[in-house]
Amino acid sequence: MEKHYTVIGDPIEHSLSPGMHNAGYEALGINAEYQRFRVEPRYLAEAVEGLCALGFSGWNVTLPHKEKIISLLDRLTPEARRAGAVNTVKIHEGQRIGHNTDGNGFVRSVERKLDGFKGKKAVLLGAGGASKGIAFALAEQGMKVHILNRTPEKAEALVQAIHNEGGTATSGVFAPGAWLENVDLLVQTTSAGLHGEPFPFSIQGITEQALVVDIIFNPAETDFLLEAKNLGCLTLNGLGMLLYQGALAWEFWFGGQAPVEVMRQALEEQLLRRMIHK
Ligand SMILES: NC(=O)c1ccc[n+]([C@@H]2O[C@H](COP(=O)([O-])OP(=O)(O)OC[C@H]3O[C@@H](n4cnc5c(N)ncnc54)[C@H](OP(=O)(O)O)[C@@H]3O)[C@@H](O)[C@H]2O)c1
């Protein structure tokens with residue numbers, strides 16, 4: 001019997017997830033189809049009922065529903081509970097289980113570029129939904145996490161939540177400072193740069209050995225990432241995070257290992273096509 005998956009969000013037309021997942025199903029001969037549906041916030045509850053009624057086996061959740069969907073689910077995994085956000089739902093024995101693969105997807109995307117996590121220093125710029133998942137996942141790996149956000153109260157609340165889970169975290173002012181020294185991993189998680197705008201401040205003085213990641217993947221190189229590259233840092237954009245959050249969602253649904261290279265290729269082809277048609 002064919003299985004059905006989808007991603008829901010608003011807007012959704014630019015989602016690369018259907019192409020990535022369907023390429024994987026085809027490669028492994030899995031009888032499933034992955035769609036995308038625009039769901040306006042006011043219809044979220046009806047949409048969730050509808051997906052269940054139509055026999056969907058699971059779905060991904062993107063902006064602006066990642067938090068609101070929680071009250072419509074039966075159970076959360078520890079990852080979703082800690083992040084306070086759900087990006088993956090699985091229907092299991094009639095129950096709606098909410099999971100979050102963003103944080104561990106990020107960890108998987110950088111693990112080959114970092115020489116271990118434990119005791120190392122990570123600085124996160126931003127304290128929104130994406131930052132939350134990443135911060136918990138890095139703290140769980142034993143990193144010392146320092147969080148800077150334009151609205152400082154949000155960074156402070158996140159630090160407190162990490163402490164409550166036994167992790168190590170601090171917060172600071174959203175501006176250049178002493179934190180630029182001895183950084184192992186710097187992660188830009190704000191939406192500044194998504195529309196080509198410059199990042200609010202320079203990161204001149206950053207440790208040259210730092211791995212610098214901007215979780216934005218389109219544009220492929222933000223001004224922030226370009227500056228880091230010019231300062232001699234190793235850089236990565238957010239495509240790896242997108243890929244591995246998808247791979248982990250796949251593994252949550254089907255078990256086994258997702259065909260990561262096929263999925264990566266599908267993502268890259270879609271982005272290339274978009275650049276050509278711009
Ligand atoms: N690669 C991936 O798989 C992936 C996954 C998820 C998200 N993302 C990307 O991550 C970014 C954030 O997503 P999100 O879900 O975390 O959004 P969100 O929950 O709305 O959080 C937005 C964050 O950006 C900050 N911010 C926005 N505009 C800013 C500006 N001009 N200057 C300084 N800070 C600013 C906000 O600070 P305040 O708290 O002060 O408002 C907040 O920390 C987006 O670009 C999204 O595309 C990528």
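Both ligands and their constituent atoms are indexed starting at 1 by order of listing.
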| Is it the case that Gln188 and Asp214 place a side-chain donor and acceptor less than 3.5 Å from each other? | yes
| query | Looking at ligand 1, does any of its N/O atoms fall within less than 3.5 Å of an N/O of Asn149? | reply | yes
| request: Among all protein heavy atoms, pick the one closest to atom 22 (C) of ligand 1 and tell me residue, atom and distance. | output: Ser191 OG, 3.9 Å
| How far apart are the closest heavy atoms of Leu231 and Ile203, and which atoms are they? | CD1-O, 3.6 Å
| query | Any luck finding a side-chain donor-acceptor pair between Asn22 and Glu26 under 3.5 Å? | reply | no
| Does an N or O anywhere in Gly238 fall below 3.5 Å from an N or O of ligand 1? | yes
| remark: Among non-hydrogen protein atoms, atom 5 (C) of ligand 1 lies closest to Met241 CE, 3.7 Å
| Looking at atom 3 (O) of ligand 1, is any protein heavy atom nearer than 4.0 Å to it? | yes
| Between Ile216 and ligand 1, which part of the residue brings a heavy atom under 4.0 Å of the ligand: side chain, backbone, both or neither? | side chain
| Contacting atoms of ligand 1, where contact means under 4.0 angstrom from a heavy atom of Phe217 | 1 (N)
| request: Could you check whether the rings of Phe56 and His4 sit parallel, tilted or perpendicular, using 30° and 60° as the cut-offs? | output: tilted
| message | Below 3.5 Å, N or O to N or O, backbone or side chain included: is there any such pair between Thr151 and ligand 1? | response | yes
| query | Is any N or O atom of Ala192, backbone or side chain, closer than 3.5 Å to an N or O atom of ligand 1? | reply | no
| task | Please indicate whether any nitrogen or oxygen in Asp102 is less than 3.5 Å from any nitrogen or oxygen in ligand 1. | result | no
| query | For Leu194, is at least one N or O under 3.5 Å away from an N or O on ligand 1? | reply | no
| query | Would one find an N or O of Ala127, backbone or side chain, under 3.5 Å from an N or O of ligand 1? | reply | yes
| field | Shortest protein heavy-atom distance from atom 19 (O) of ligand 1, along with the residue and atom involved | value | Gly129 N, 2.9 Å
| field | ligand 1 atoms in contact with Gly126 (distance to a heavy atom under 4.0 Å) | value | 43 (O)
| How many angstroms lie between CG in Asn182 and CD in Gln209, if you round to the nearest 0.5 Å? | 9.5 Å
| request: Without swapping roles, check the side chain of Lys120 against the backbone of Asp115 for a donor-acceptor pair under 3.5 Å. | output: yes
| request: May I ask you to decide if the ring planes of Trp250 and His21 are parallel, tilted or perpendicular, using 30° and 60° as cut-offs? | output: parallel
| What is the nearest protein non-hydrogen atom to atom 25 (C) of ligand 1, stated with its residue, atom name and distance? | Thr190 CB, 3.6 Å
| Close approach of Phe174 to ligand 1, heavy atoms, under 4.0 angstrom | yes
| task | Look at atom CD of Glu251 and say whether more than 12 heavy atoms of other residues, nucleotides or ligands are closer to it than 6.0 Å. | result | yes
| query | Do you know which two heavy atoms are closest between Gln270 and Met20, and how far apart they sit? | reply | NE2-N, 3.6 Å
| Can you tell me which residue and heavy atom of the protein come closest to atom 10 (O) of ligand 1, and the distance to 0.1 Å? | Ile215 CD1, 3.1 Å
| What do you think, any protein heavy atom under 4.0 angstrom from atom 40 (O) of ligand 1? | yes
| query | Going by atom types alone, do Asn87 and Thr101 pair a side-chain donor with an acceptor below 3.5 Å? | reply | yes
| message | Tell me whether the count of non-hydrogen atoms from other residues, nucleotides or ligands lying under 6.0 Å of CD in Gln95 goes above 12. | response | yes
| said: How far is atom 7 (C) of ligand 1 from the closest protein heavy atom, and which atom is that? | reply: Ala130 CB, 3.7 Å
| Are any non-hydrogen protein atoms located under 4.0 Å from atom 35 (C) of ligand 1? | yes
| field | Presence of salt bridge, Glu261 and Arg264, under 4.0 angstrom | value | yes
| message | Checking the side chain of Lys121 only, and the main-chain atoms of Trp179 only, is there a donor and an acceptor separated by less than 3.5 Å? | response | yes
| query | What atoms in ligand 1 come closer than 4.0 Å to a heavy atom of Thr189? | reply | 10 (O), 11 (C), 12 (C)
| Less than 3.5 Å between some nitrogen or oxygen of Arg150 and one of ligand 1, yes or no? | yes
| said: Can you report which non-hydrogen protein atom sits closest to atom 21 (O) of ligand 1, along with the distance? | reply: Gly128 CA, 3.4 Å
| query | Any N or O of Leu239 that comes nearer than 3.5 Å to an N or O of ligand 1? | reply | no
| field | Euclidean distance, Lys132 NZ relative to Thr189 OG1, rounded to 0.5 Å | value | 12.0 Å
